[in-house]
Number of protein chains: 2
Amino acid sequence: MARKPSTKPRKQASQRRSRATVDALVEATARILVREGFDKASTNRIAEVAGVSVGSLYQYFPCKEALVAALADRHTREILRVVRGELAEAMDLPVEQAVRKLVAVAVKGHRVDPALHRALAEQIPRVGKLGDVATFNRDNYALFKAYLEKHRDEIRPVDPDLASFVCVTSIEALTHNAVLHHSKRFSDQAMLALIDEGTRLVVGYLTGREIRWPGCGEAESACARGSLRDNHGF
Amino acid sequence: MARKPSTKPRKQASQRRSRATVDALVEATARILVREGFDKASTNRIAEVAGVSVGSLYQYFPCKEALVAALADRHTREILRVVRGELAEAMDLPVEQAVRKLVAVAVKGHRVDPALHRALAEQIPRVGKLGDVATFNRDNYALFKAYLEKHRDEIRPVDPDLASFVCVTSIEALTHNAVLHHSKRFSDQAMLALIDEGTRLVVGYLTGREIRWPGCGEAESACARGSLRDNHGF
DNA sequence: ATCAAAAGCGAATTATCGCTCGTATTCTAA
DNA sequence: TTAGAATACGAGCGATAATTCGCTTTTGAT
């Protein structure tokens, strides 16, 4: 691409310390968003907190929106990284275990950076390219639908679209609210109970039967069969 | 209260046409929010659309945030007005009917002014006094918990707090997403199916049994196990 | 009809913020 | 060593918006 030798306000690939600059900027955006709120996140403030000048900011980001988008993207990728493996595994599990894993995975995802997740969800006007929370959820939705079709003989007859909508929406809302709005109310212990309840809700819906926990008397956690135990650690 | 005769920027009770002015302002805010988005909602623009001068605006609203808060409040009250009666009725119904009524009521509430509801939910940075969506939902939550305690012998043993959280969160999320994000996908017909599914989800969770639909073709439900499968087109 | 209080007005005043641009500094490679 | 490219700087421009204030118009009680 033909470039004008000077004054190139458009964004730019980076090579050395510029990498650090970009990281610092995104990180500063996150910090300000979480600690001071979206409306305090002026480009000048972001640059200041990043220990960088506004000019440098505009070397790498064409506008303020791009900064927030980059941050949201980074967050999404991080969640995906943490979760992708387990999500794939679930595809081959029988219903009850698959759903349990899904719920656990949703919790884990929301715990990657709850404060940031909340700030992103609540404070960012969902406009333009920032409205793309949808894309992420569309994936979950498609994945779940695929699961339902693959395991259709283990569940009652359902419309895959409608059922996916019901299940994915419920799981997302449950974990989102629990982690982001009630983390005080939900101890780690209670979080396990929440996973149980979410599983019960969705499995009951899909199979029409109550879950038959394998003989554990302790109501509390994860009656989970052994293998499922380890993952919902911290 | 001692008042300074002139220049009283704080807000004010009103008496005559001033009522109309206030209404016009709130209404204009709603229109702009829905049609042009939050960032186009400058005080000057709001006043202009309301057919009023900025000066008048500041007679009644101390700041821009107050305007939006007033609008949100008006919307909440309207939903409550539409829904309060039916909500009370549900308290005395047996589980299955109560839950069905609840889900139907949630849909009805979200249909009061979906566009505004969506704008309020998506575009307004939830900060300060605008973060009060919580209050409203806390009521639903308490109400539901009361129901569970009253009808404890009709359901399996549950922790009322946890179960309320699960049920209220699910119902809210389901109806919110259906009405606000998928209204294209959900015809009136499909909306009935959604009510069926929401009911099934929650009743199954609370009772551990699958719903036994009364003869299909009842007015109330889109039931019809057979017909459930069609019309949620693409 | 009269007048004081209430309501309304809108140009002017602040205030903020996104973003640019000319310049200074640092890096890299020959 | 050194030149040119990459990176960084930050005062300041321009635009937009929130809010004010002195003034006019309307209202309603007397």
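Throughout, a chain's letter reflects where its sequence line sits, starting with A, and its residues are numbered from 1.
- Rounded to whole Å, the distance from CZ on A:Phe38 to C1' on C:dC17 is 12 Å.
- For B:Asp161, the side-chain contact (heavy atoms from CB on, under 4.5 Å) criterion is met by B:Tyr141, B:Lys145, B:Asp159, not counting sequence neighbours.
- Contact annotation: A:Tyr58 does not reach the phosphate of C:dT20 (side-chain N/O to OP1 or OP2, under 4.0 Å).
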Could you go through nucleotides 9-11 of chain C and list every protein N or O atom that sits under 3.5 Å from one of its N or O atoms, giving the distance for each pair?
{"from": "C:dC9", "atom 1": "OP2", "to": "B:Ser53", "atom 2": "N", "distance (Å)": "3.0"}
{"from": "C:dC9", "atom 1": "OP2", "to": "B:Ser56", "atom 2": "OG", "distance (Å)": "3.3"}
{"from": "C:dG10", "atom 1": "N7", "to": "B:Ser53", "atom 2": "OG", "distance (Å)": "3.3"}
{"from": "C:dG10", "atom 1": "N7", "to": "B:Gly55", "atom 2": "N", "distance (Å)": "3.3"}

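- Under the side-chain contact (heavy atoms from CB on, under 4.5 Å) criterion, A:Lys64 pairs with A:Phe38, A:Thr43, not counting sequence neighbours.
- Taking atom OH of B:Tyr60 as the reference point, atom C1' of C:dG8 lies 8 Å away to the nearest angstrom.
- Rounded to a whole Å, the CZ atom of A:Phe61 is 13 Å from the P atom of D:dT7.
- For B:Lys40, there are no side chain to side chain donor-acceptor pair (under 3.5 Å) partners, not counting sequence neighbours.
- Sorted by first and then second residue, the salt bridge (Lys or Arg N to Asp or Glu O under 4.0 Å) pairs involving residues 69-78 of chain A (not counting sequence neighbours) are A:Glu27-A:Arg74, A:Asp73-A:Arg77, A:Glu78-A:Arg81.
- A salt bridge is absent between A:Glu36 and A:Arg31: the closest approach of a Lys/Arg side-chain nitrogen to an acidic carboxylate oxygen does not fall below 4.0 angstrom.
- Between the CG atom of B:Leu57 and the P atom of D:dT20 there is a distance of 11 Å, given to the nearest Å.
- Screening residues 162-175 of chain B for side chain to side chain donor-acceptor pair (under 3.5 Å), with sequence neighbours left out, gives B:His110-B:Thr175.
- The distance between atom CZ of A:Arg19 and atom P of C:dT26, rounded to the nearest whole Å, is 22 Å.
- OP1 and OP2 of D:dA17 both lie 4.0 Å or more from every side-chain N or O belonging to B:Thr43.
- For the salt bridge (Lys or Arg N to Asp or Glu O under 4.0 Å) condition, the pairs that include at least one residue of residues 46-62 of chain B, sequence neighbours left out, are B:Arg45-B:Glu48.
- Taking the charged nitrogens against the carboxylate oxygens, B:Arg118 and B:Asp113 have no contact shorter than 4.0 Å, which rules out a salt bridge.
- Look at CG on A:Asp39: it is 12 Å from C1' on C:dC17, rounded to the nearest Å.
- Shown here are the side-chain contact (heavy atoms from CB on, under 4.5 Å) partners of A:Ala24, two or more places apart in sequence or in another chain: A:Ala50.
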Below 3.5 Å between N/O atoms, which protein atoms pair up with nucleotides 27-30 of chain D? Just atom names and distances, please.
{"from": "D:dG28", "atom 1": "OP1", "to": "B:Arg16", "atom 2": "NH1", "distance (Å)": "3.1"}

